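Here's the structure, in structure tokens; my notes come after.
Bear in mind the structure is a predicted one, so any value in this text is a computation, not a measurement.
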Amino acid sequence: MSLDPLTSIIISPKNDVESLTIVSLAEALHIPCIVSAQPHGATLDAEPNLVDRIRETNPVAHDIVIVEMPNVSTEDKLRELGFDVHVVDHHRYESLDRMKKESSLEQIRVLFDMDDTTLRIAGFDPVLIRGVGLIDRGFVWELAKENVPEADRKRMIAHYREQNAILDPDQAKEEKAAMSAWKKREEIDGVIVVTIPNPALRIREAISFLAAQDFSEAPVTVIYQPGRIVYIQETPTALALQQTFGGFTFGQNLCWGKPIDADGNLPTVDEVIAAHRLALLTN
């Protein structure tokens, strides 16, 4: 049974294309929405004056839909206040497994019964909305898995990148840096390694799009940003790497990331590849 917008609230960040799309849909379909200003890594406990804002946003709210802002204790407190809490997520964190096959956008569409007709009436192109959900679920590779026609794939990818540019004024700079790093990529034990020396740039998606242009099948790729984060993408060893180093998984547990910790520690490329190779041998 779908949720009633009149008695619901969506709580969501607006820090990537998927969450931007969720917020846009909520606004167009008149679903009350609290938009968090938190960047990537948003958590519910860090949201200021949450209960007051819920009551101000929709005094008759009963269902609270929380999008990718994990914090079990705050969720439980909302339940104690009488709210029905619906968690929308598809990531696996260090101490919390919220991995699902469906992307958060796809889950929101089900919760509020947003079929293609509803999207069209609200002024959206269902093909493009589907594309955002699929790309967030399993990146560009998911479009081929779902047999999306080539013309639609191109439209979906173009739309996704256009929406990302709305959020990220540095996208052109990041894409230029990504291209430079991609041209200098190495291959170690069958793994592509891309090093980004500037820790201030968000670069993962730009590298991923370049990989999708150059490879017909998803390559295992390490993206290393000293001083910021390390990722490995499109590998069955993502869960093993999380168990070894901590961090989080995404992309249906085929991708892993580990930000630099408070003490400045970050796994090196050699350490990541060694753990990846060991996991392949032992699993």
Side-chain angles (χ1 to χ4, degrees), residues 16-17 39-41 90-94 99 135-145 157 160-161 164 168 170-171 173-283:
D16 61 14
V17 175
H40 283 92
H90 60 123
H91 297 79
R92 189 175 189 270
Y93 306 96
E94 286 192 27
M99 180 62 60
I135 291 172
D136 211 87
R137 184 209 295 176
F139 197 58
V140 174
W141 319 106
E142 201 71 14
L143 305 181
K145 291 178 185 177
I157 292 169
Y160 191 94
R161 299 183 80 167
N164 191 63
D168 184 5
D170 292 327
Q171 178 171 295
K173 179 180 179 181
E174 291 164 355
E175 289 181 346
K176 182 178 179 180
M179 176 63 77
S180 176
W182 181 248
K183 288 179 179 178
K184 299 173 184 176
R185 67 188 183 272
E186 302 176 85
E187 185 171 326
I188 303 174
D189 292 341
V191 176
I192 292 173
V193 178
V194 182
T195 300
I196 311 294
N198 186 345
L201 297 177
R202 289 176 51 192
I203 213 78
R204 185 188 67 81
E205 281 194 347
I207 292 294
S208 300
F209 279 116
L210 290 170
Q213 288 177 10
D214 288 356
F215 290 86
S216 58
E217 295 185 4
V220 179
T221 306
V222 169
I223 301 171
Y224 183 61
Q225 277 187 275
R228 181 180 179 121
I229 197 166
V230 60
Y231 297 100
I232 188 168
Q233 302 194 144
E234 310 301 337
T235 172
T237 66
L239 283 173
L241 290 168
Q242 186 191 40
Q243 292 167 2
T244 301
F245 300 112
F248 57 95
T249 69
F250 57 104
Q252 301 178 30
N253 279 334
L254 293 175
C255 303
W256 164 83
K258 176 68 168 70
I260 192 169
D261 66 21
D263 296 324
N265 299 314
L266 187 70
T268 66
V269 170
D270 289 343
E271 289 171 335
V272 170
I273 290 179
H276 164 74
R277 187 167 53 237
L278 178 62
L280 288 176
L281 292 173
T282 55
N283 289 344

Notebook entry, point to check: Can Leu143 and Ile135 be said to form a side-chain contact (heavy atoms from CB on, under 4.5 Å), step by step?
Noted result: CA-CA 7 Å; Leu143 305 181; Ile135 291 172; 4.2 Å; yes
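For an aromatic pair to be called close, the ring centres must be under 6.0 Å apart, and Trp256 with Phe250 fails this. Ring to ring, Tyr231 and Tyr224 are not that close: their centroids are 6.0 angstrom or more apart.
Side chains of Arg204 and Gln225: no donor on one and acceptor on the other come within 3.5 Å.
Residues Pro259 and Arg228 are not in side-chain contact: their nearest non-hydrogen atoms beyond the backbone lie 4.5 Å or more apart. Looking at heavy atoms from C-beta onward, Leu254 lies out of side-chain contact with Gln233 at the 4.5 angstrom threshold. A 4.5 Å side-chain heavy-atom check between Arg92 and Asn253 finds at least one atom pair inside the cut-off. Contact annotation: the side chain of Val222 approaches that of Val230 to within less than 4.5 Å [non-hydrogen atoms, C-beta and beyond]. Two residues are said to be in side-chain contact when any heavy atoms from C-beta on lie closer than 4.5 Å; Thr237 and Arg277 fail this criterion.
Between the OG atom in Ser208 and the CH2 atom in Trp182 there is a gap of 9.0 Å [rounded to 0.5 Å]. Rounding to the nearest 0.5 Å gives a distance of 12.0 Å between OG1 of Thr244 and NZ of Lys258. Taken to the nearest 0.5 Å, the CD atom of Glu234 stands 9.5 Å off from the CD atom of Gln252. The distance from atom CD of Glu94 to atom CZ of Phe245, rounded to the nearest 0.5 Å, is 12.5 Å.
Shown here are the side-chain contact (heavy atoms from CB on, under 4.5 Å) partners of Ala178, two or more places apart in sequence or in another chain: Ile203, Ala206, Ile207, Leu210.
The pair Arg161-Glu175 counts as a salt bridge, with a side-chain nitrogen and a carboxylate oxygen less than 4.0 angstrom apart.
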